[in-house]
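Structure first, commentary second.
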Amino acid sequence: MSQSTPVSPVTAADVDLSVALALETLREADPTGWDAPAGPLEWDCWETAEHLADDLFCYAAQLTTAQPQLHGYIPFEISARREGGPRNAVAADRKAGPDGLLQVLDTSGGLLSAVVRATPAGRLGYHPFGVSDPEGFAAMGVVEVLVHLDDLARGLGLRWRPPADLCGRVLTRLFPDAPTGTEPWPTLLWATGRGELPGRARLTSWRWDSRPRR
């Protein structure tokens with residue numbers, strides 16, 4: 001499948017699928033390996049999974065206010081557990097171990113999926129890369145899962161290659177200027193600064209366009 005293949009909108013079912021695949025993969029990890037660096041990131045694997053759960057939770061929150069929040073994130077208190085670590089509103093209790101960490105990730109994914117399903121299509125919420133709608137937040141959540149699972153898989157020694165059609169849908173929604181006619185998963189890695197494509201150098205900075213397409 002290439003990115004030029006027609007694709008359907010990103011939905012809550014795509015959030016469910018990406019999180020389910022992520023959890024299936026991460027359950028194969030060595031329980032002692034979560035302190036390893038997560039691929040190219042400056043965070044370890046535990047911190048990266050917490051950051052991912054925090055992303056999903058915060059994307060859900062942006063769509064739930066009675067008065068749409070269009071000029072900034074909901075002001076949850078955020079903090080980092082160490083200097084240089086991710087600043088999150090959501091964290092997992094270390095005493096619960098990796099199983100507890102994955103429960104937190106599963107819960108945050110479920111919250112985003114439920115909010116996307118329940119929210120009118122015209123509802124908008126803030127994101128610095130473009131005020132977005134439920135489909136956009138679903139797509140952003142899926143991208144967070146797919147690319148951070150790549151980081152985690154590198155750190156934990158796991159295999160990870162998400163479905164091409166899922167990658168194609170989020171590329172179409174969030175990266176309208178990405179190359180076409182290339183395989184969706186390598187293209188998504190390239191678009192998020194994690195890989196190269198033939199004839200294209202690795203990106204040193206990147207951003208998606210989360211504005212509504214309609």
Side-chain angles (χ1 to χ4, degrees), residues 1 3-22 51-76 78 86 88-90 105-151 162-180 182 184-185 187-194 203 205-214:
M1 174 182 171
Q3 188 191 340
S4 58
T5 304
V7 292
S8 57
V10 183
T11 68
D14 291 318
V15 178
D16 290 334
L17 175 60
S18 66
V19 173
L21 292 172
H51 166 76
L52 174 54
D54 184 75
D55 281 338
L56 299 174
F57 169 81
C58 290
Y59 290 166
Q62 291 303 114
L63 292 170
T64 58
T65 56
Q67 181 67 34
Q69 177 71 10
L70 304 181
H71 302 291
Y73 286 121
I74 307 298
F76 294 106
I78 60 174
N88 297 331
V90 171
L105 177 57
D106 191 8
T107 299
S108 291
L111 286 171
L112 178 58
S113 173
V115 167
V116 169
R117 281 192 172 90
T119 302
R123 176 77 61 83
L124 298 176
Y126 172 80
H127 190 278
F129 294 171
V131 168
S132 197
D133 57 4
E135 184 196 357
F137 279 103
M140 287 186 272
V142 171
V143 170
E144 298 283 5
V145 173
L146 300 188
V147 300
H148 281 313
L149 254 292
D150 183 69
D151 301 328
D165 58 342
L166 181 61
C167 298
R169 285 194 288 279
V170 295
L171 277 167
T172 297
R173 178 59 180 80
L174 295 177
F175 298 94
D177 296 326
T180 59
T182 53
W185 175 228
T187 303
L188 183 59
L189 290 175
W190 175 84
T192 55
R194 288 169 168 79
L203 296 177
S205 64
W206 62 273
R207 62 184 289 164
W208 57 55
D209 182 353
S210 45
R211 294 173 297 177
R213 293 287 173 264
R214 293 187 283 278

Atom pair NE2/CG of His51 and Leu105 - distance to nearest 0.5 Å: 11.5 Å
Kindly write out the residues that satisfy side-chain contact (heavy atoms from CB on, under 4.5 Å) with Ala138, not counting sequence neighbours, or none if the list is empty. Val10, Val15, Val116
For a quick test of reading the model, state the closest non-hydrogen atom pair linking Phe76 to Ala61 and the distance between them. CE1-CB, 3.7 Å
Please enumerate all residues that pass salt bridge (Lys or Arg N to Asp or Glu O under 4.0 Å) together with Asp151, with sequence neighbours excluded. Arg194
Among all residues two or more places apart in sequence or in another chain, which pass the side chain to side chain donor-acceptor pair (under 3.5 Å) test with Asp209? Arg211
Going by the rule side-chain contact (heavy atoms from CB on, under 4.5 Å), which residues pair with Cys167 if we only count those two or more places apart in sequence or in a different chain? Leu146, Pro162, Pro184, Trp185, Leu188
Heavy-atom closest contact (Trp206 atom, Gly193 atom, distance): CD1-N, 3.7 Å
How long is the straight-line distance from CG of Leu56 back to OG of Ser18, given to the nearest 0.5 Å? 7.5 Å
Can you tell me how far the CG atom of Leu21 sits from the CG atom of Leu149, to the nearest 0.5 Å? 8.5 Å
Tell me, with the steps shown, if Asp55 and His148 meet side-chain contact (heavy atoms from CB on, under 4.5 Å). CA-CA 11 Å; Asp55 281 338; His148 281 313; 4.3 Å; yes
Residues which pass ring pair (Phe, Tyr, Trp, His ring centres under 6.0 Å) with Tyr59, listed by chain and number, not counting sequence neighbours: His127, Phe137
Measuring from Leu174:CG to Arg169:CZ, what's the distance to the nearest 0.5 Å? 13.0 Å
What's the shortest heavy-atom distance between Leu112 and Gly141, and which atoms? CD2-CA, 3.9 Å
To check you understand the geometry: which heavy-atom pair defines the closest contact between Ala89 and Asp54, and what is its length? N-OD1, 2.6 Å
Separation of Asp150 CG from Leu189 CG (nearest 0.5 Å): 5.0 Å
Shortest non-hydrogen separation from Pro212 to Arg173 and the atoms involved: CA-NH2, 3.5 Å
Do Ser210 side-chain atoms and Phe129 backbone N/O form a donor-acceptor pair below 3.5 Å? yes
If you look only at distance, which donor and acceptor atoms sit under 3.5 Å apart when one is on a side chain in residues 118-126 and the other is two or more places apart or in another chain?
from   : atom 1 : to     : atom 2 : distance (Å)
Thr119 : OG1    : Val115 : O      : 2.5
Arg123 : NH1    : Leu63  : O      : 2.7
Arg123 : NH1    : Thr65  : O      : 3.4

With sequence neighbours left out, what residues match Asp16 under salt bridge (Lys or Arg N to Asp or Glu O under 4.0 Å)? Arg117
pair Val145-Val142: side-chain heavy atoms closer than 4.5 Å: no
Spacing of Arg213 atom CZ and Ser132 atom OG [to the nearest 0.5 Å]: 8.5 Å
